[in-house]
Amino acid sequence: MTALQYDPHEIEARWQDIWAEERTWEVANTHDAAAHANDSYVLEMLPYPSGEPHIGHLKTYSVGDAIAHFHRRLGRRVLHPMGYDAFGLPAENHAIKTGEHPRLSTAVSIASFQRQFRSWGISIDWSRELATHEPSYYRWTQWIFLELFRSGLAYRKEAAVKWCPHDQTVLANEQVDADGRCERCGHLVEVRQLEQWFLRITDYAERLLGDLETIDWPANVKTMQRNWIGRSEGAEVTFRCDELAIDYPVFTTRPDTLFGATFFVMAPEHPDVLRLAHGTEHEHEVREYVNVALNESNQERGDVERPKTGVPLGRRVTNPVNGEQIPMYVADYVLMEYGTGAIMAVPAHDERDHAFARAFDLPIRRVIEPAGGSDAADDDALPYTGDGVLVNCGSDFDGLPNRDALAEIVRWLDREGNGHASVNYRLRDWLVSRQRYWGAPIPILYCEDCGVVPVPDDQLPVQLPEIDDYTPKGRSPLAAVEDWVSTNCPACGGRARRETDTMDTFVDSSWYFLRYCDPHNDLAAFDPDALREWMPVDQYIGGVEHAILHLMYARFFCKALADLGHLDFQEPFQALFTQGMVTKDGAKMSKSRGNVVSPASIVERVGADAARCYILFVGPPDQDADWSDAGVDGVHRFLSRLWRLGAETAERGGAASGPPHGDAGAQGDDLVLLRKAHWAIDKVSGDLRRFAFNTAIAAVMELLNDCSRLRDSADVEMLRFALATGASLLFPFAPHVSADVFERLTGERVWETSWPSAEEELLERDVYELVCQVNGKLRDRVQAATGASADELKELCLAAPNVQAHLDGNEIVKAIVVPGKLVNFVVRPAVSTVSF
RNA sequence: GCCCGGGUGGCGGAACGGUAGACGCGCUCGAUUUAAAAUCGAUGGCCUUGACGGCGAUUGUGGGUUCGACUCCCACCCCGGGCACCA
């Protein structure tokens, strides 16, 4: 017999060629809505092409490919496309450094991703490939922007925006981290006043929140989105400044504490602050305070620990519930972006107001006492933020539980015209302008006569002009291309200038999954019929780092496009799976740490199947996993054993003599193998449905171990069946070697066969090992017949030698019988001999 | 501070309230080999020369529920993540 040697490189190249030549994974649109029921859209988040793919990519696409293959073999038509999120800062920064056009470095990287995806054997429908920087794609990104503009969802306003001095561009709120640093480069972010484009995502806050109920996403991702949206119920209450005859509404979640409001505070950015202080003794001081506050970084201002500061405005407002005149302050602990930029301060029942009152020696009036009057009733226990009953609130409200009083007071405010129930959100509108080159130009013109004019649809795309100097200078590099900027107004024909900002790249990735459904359409972004066929995505897969931004923006786009009549579904991703990070030596892989494991080098060493299988085997895919070279070798050995035993069995059994079958009349070791194979089918099928790839692969290992153990004692036909079954089950994780083994054993292409199904009767055994316990401790095991009665099982257990030993002289108080599992005797000493 | 996850052998990890440690890695020993690699097999706390067999401890800590708890409940410790002057 020739020495059979597992050669992953030869095997993988051979099968990859077949899949490429036969375009095995391509699916055509059927334009048949009825086909939808049997379709499946499996999608991994598209990669950002920078350099080479890293191990995290290998994990994402290994997970996605396993699901795609599983769905196919369950008989579904699977859409599994690929594309590139090609615009963005890293490519542009590279261009600034080297002068090389970002298109070139991006093309090099994309080629590398394409090559490696093929070498990993990922089952991609390449006919639908796209990249967001291609004019054929961003033409429609621009069209969507204009649709949003036309419906009022894209608007322009001057705003205090987050500016990164290093990247020389504005950032979305979401792109600034907790320390007030640029998410990308880590520099401290500054505030600038600029005219910017915003998308009105806040209009969708309620639906983005409510529709989370309708989708099958991990709980932690839903929680993150809920926190980010930050819905608060409360009331808007109007405080009037009589001197200047101006009403100031405030938002509060605690209208029940309204009688305890002893002062009033405005944010430094509030437009009325200087006007209010004007002419008072505090005018100068206020002006200085505002200047300092505005120039402070968010990081400094946001520090919870720092002492409260502020300045009196020298004015008073009236508390509507009791007519009290309370003093106004400006203080930087009040944020302009939330609520109305002004608050009523209730120092007795709010930590921050309390700290401010102490610092400025302002009155603190308790209006809620804990029910039952405990220590917390002591004024030293203030601020008190819990529930209780109202005090110091006048005869109408005193004594009411505060939760009841809250509703009562809101009704009173409403009746008197001093306020109403209200809901507030933490979510802010999405700032999409970027003063950078490598992005989709915002398709807007500024005409001297007509003002803001959208570029007509038939003039899209607004193409990026070629430039030489990518260096940021505080404005978009596009602004320097005078003959591009200067154009004519499509409305009046007069002189107009182009918008020179480009769009946040999150805009590009907020609709790419729609384009995959109809990628070559040059008459529209997509045909609604094509979307009906595939959308929503059945299974979306990606990193948890996108839990908020990308996933929120994509949901927003779908809802907005649905409202505009372009889609007939509300949520883009029906199910979401977020995979954990791959670390090395417990740390995130990075060049500076020198612990980067490149997928290419692993594939070179042990092949793609072993690399893919290992990364799924190392642990549950939603958790972080630490890469181990020794571990991948172990999986490589497993695949070698499978292939060798498969090849050897194929030779022995007269290869390719048709599909093998488990013989129902099998006996002895044949029956053991037959049962193990069916157990594995059942186990792997269940594990695939719950993304437990690690235990699925372990089950195939167990099956193979039994095959090896029984290779000489079992019938070769049964061995052929068991090994072919193992290969079939392993195909979603290690497609090349599985296809190879399966073909050798059966003459068939495994991906053309349907997923095996386990036979119930082979999952059950006629005898099993009955666990015998005494007082909950395992004492013996005996063979028991399936279907034996409880009494029979008790008898069996009672007869077990080691049970006898432990029952010796003791009285059986109780017997617990779990058929199919165990018998537990609860005993106590028959004679109470107390001895020490 | 608030909200989520998570703590199991030397390591990664398994385990519907029912045999804790599947599967893999590593270590050690053995077979094969002139040798090594590769491959195959075995041990893995204690008692027993050894196998067989038996015994005890054990899933971050302390309590509780239960015939029985890694699993459920309460309190605490540690690690990771998200949010955080959001009224």
Side-chain angles (χ1 to χ4, degrees), chain A residues 3 5 178 218-228 230-232 234 250-255 257 261 265 267 301-306 308 331-335 337-346 349-353 355-356 424-428 544-545 547-548 580-581 613-614 617-620 622-635 637-638 640-641 644 683 692 694-705 708-709 769-781 801-802 805 812-818 820-827:
Chain A
Q5 188 64 42
N220 61 324
V221 175
K222 287 190 184 184
T223 303
M224 279 190 243
Q225 293 224 340
R226 278 190 201 105
N227 290 344
W228 194 259
R231 183 182 197 274
S232 295
V250 300
F251 174 75
T252 177
T253 54
R254 295 296 304 275
T257 64
V265 192
R301 235 184 106 173
D303 187 355
V304 191
E305 296 302 316
R306 80 180 203 159
K308 294 282 176 286
D332 65 4
Y333 81 92
V334 174
L335 308 174
E337 315 91 84
Y338 188 77
T340 61
I343 61 154
M344 66 175 209
V346 185
H349 304 290
D350 180 277
E351 308 255 359
R352 298 149 302 176
D353 297 345
F356 190 86
N424 243 281
Y425 301 92
R426 211 194 72 110
L427 186 71
R428 313 266 193 269
V544 73
E545 65 272 19
I548 297 173
M581 215 173 31
C613 239
Y614 170 68
F617 176 69
V618 66
D622 56 328
Q623 288 176 25
D624 290 351
D626 202 60
W627 183 270
S628 143
D629 286 336
V632 81
D633 287 345
V635 172
R637 279 197 287 272
F638 157 63
S640 304
R641 280 196 299 273
R644 280 199 314 268
K683 174 78 177 150
N694 53 333
T695 50
I697 293 167
V700 180
M701 288 175 171
E702 281 195 53
L703 174 59
L704 177 65
N705 287 348
S708 297
R709 191 165 52 83
E769 200 167 63
L770 180 72
V771 168
C772 307
Q773 297 180 332
V774 178
N775 281 345
K777 282 194 167 53
L778 171 73
R779 293 305 177 190
D780 218 331
R781 303 179 174 96
N802 201 40
I812 295 174
V813 180
K814 195 174 174 183
I816 313 287
V817 182
V818 184
K821 284 277 182 198
L822 56 79
V823 174
N824 182 20
F825 290 118
V826 185
V827 303

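So you know, we letter chains A, B, ... as the sequences are listed, proteins then strands, and number each from 1.
Across B:G9 and B:G24, the matching C1' atoms stand 14 Å from one another, rounded to whole Å. Separating the C1' atom of B:C76 from that of B:G7 is a span of 14 Å, rounded to the nearest Å. With both ends at atom P, the span from B:A69 to B:G17 equals 14 Å, rounded to whole Å. Spacing of C1' atoms, B:G45 relative to B:A57, comes out at 8 Å, to the nearest Å. A gap of 38 Å separates the C1' atoms of B:A38 and B:G53, to the nearest Å. One C1' atom belongs to B:G21, the other to B:A36, and the distance between them is 35 Å to the nearest Å. The gap from the C1' atom of B:A51 to that of B:A42 amounts to 12 Å, rounded to the nearest Å. B:C40 and B:U32 have their C1' atoms separated by 8 Å, with the value rounded to a whole Å.
Here the closest non-hydrogen pair linking A:D626 and A:Y614 is O-OH, 3.6 Å. The two atoms that bring A:A692 and A:T695 nearest to each other are O-OG1, 3.1 Å, heavy atoms only.
The side chain of A:K821 has B:G18 as its nearest neighbour among B:A84, B:G18, B:G12. Which of B:G82, B:A14, B:C83 sits closest to the side chain of A:M224 comes down to B:G82. For A:L822, whose side chain is taken as the heavy atoms from C-beta onward, the closest listed nucleotide among B:C3, B:G18, B:G12 is B:G18. In this structure, of B:U19, B:G13, B:U39, it is B:U39 that holds the atom nearest to the side chain of A:R644.
In this structure, the CD atom of A:E545 is 13 Å from the P atom of B:G81, given to the nearest Å. As a whole-Å value, the separation of A:R226 CZ from B:C2 C1' is 16 Å. Atom OH in A:Y333 sits roughly 16 Å away from atom C1' in B:A84 (whole-Å rounding). Computed from coordinates, the A:R709 CZ to B:A42 C1' distance equals 15 Å when rounded to whole Å. Rounded to whole Å, atom P of B:C85 lies 12 Å from atom OH of A:Y338. When rounded to the nearest whole Å, the span between CD1 of A:I816 and P of B:G17 equals 18 Å. Counting to the nearest Å, the P atom of B:G68 and the CZ atom of A:F825 are 16 Å from each other. For the pair A:D622 CG and B:G80 C1', the computed distance is 14 Å after rounding to whole Å.
Projected onto RNA chain B by closest heavy-atom contact, A:T340 and A:N220 fall at different nucleotides, the more 5' of which corresponds to A:N220.
Stem regions annotated for RNA chain B: B:1-7 with B:77-83, B:10-12 with B:23-25, B:28-31 with B:39-42, B:45-47 with B:53-55, B:60-64 with B:72-76, counting only runs of 3 or more consecutive pairs of Watson-Crick or G-U type with both contacts under 3.5 Å.
Base orientation of B:G9: syn (glycosidic angle within 90° of 0).
A:N424 places a side-chain heavy atom less than 4.5 Å from the side chain of A:Y338. At least one side-chain heavy atom of A:S232 sits under 4.5 Å from a side-chain heavy atom of A:F251. Two residues are said to be in side-chain contact when any heavy atoms from C-beta on lie closer than 4.5 Å; A:R641 and A:L704 meet this criterion.
Backbone-only engagement by A:S232 is indicated by non-hydrogen atom pairs under 4.0 Å involving sugar-phosphate atoms exclusively.
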Below 3.5 Å is the cut-off: list the nitrogen or oxygen pairs between protein and nucleotides 51-55 of chain B, distance only.
unit_1 : atom_1 : unit_2 : atom_2 : d
B:C55  : OP1    : A:H806 : NE2    : 2.8

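Crowding of A:E545 atom CD: a count of heavy atoms from other residues, nucleotides or ligands under 6.0 Å exceeding 12.
Checking A:D353 against A:Y333 by side-chain atom types alone, a donor-acceptor pair falls below 3.5 Å.
Judged by the 6.0 Å distance and 45° axis criteria, A:K308 is not positioned over the aromatic ring of A:F356.
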Quick one: what's the B/S/- string for nucleotides 22-29 of chain B, heavy-atom cutoff under 4.0 Å, read 5' to 3'? BBSSS---
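Residue-to-nucleotide contacts include a donor-acceptor pair under 3.5 Å from the side chain of A:N824 to the base of B:C67.
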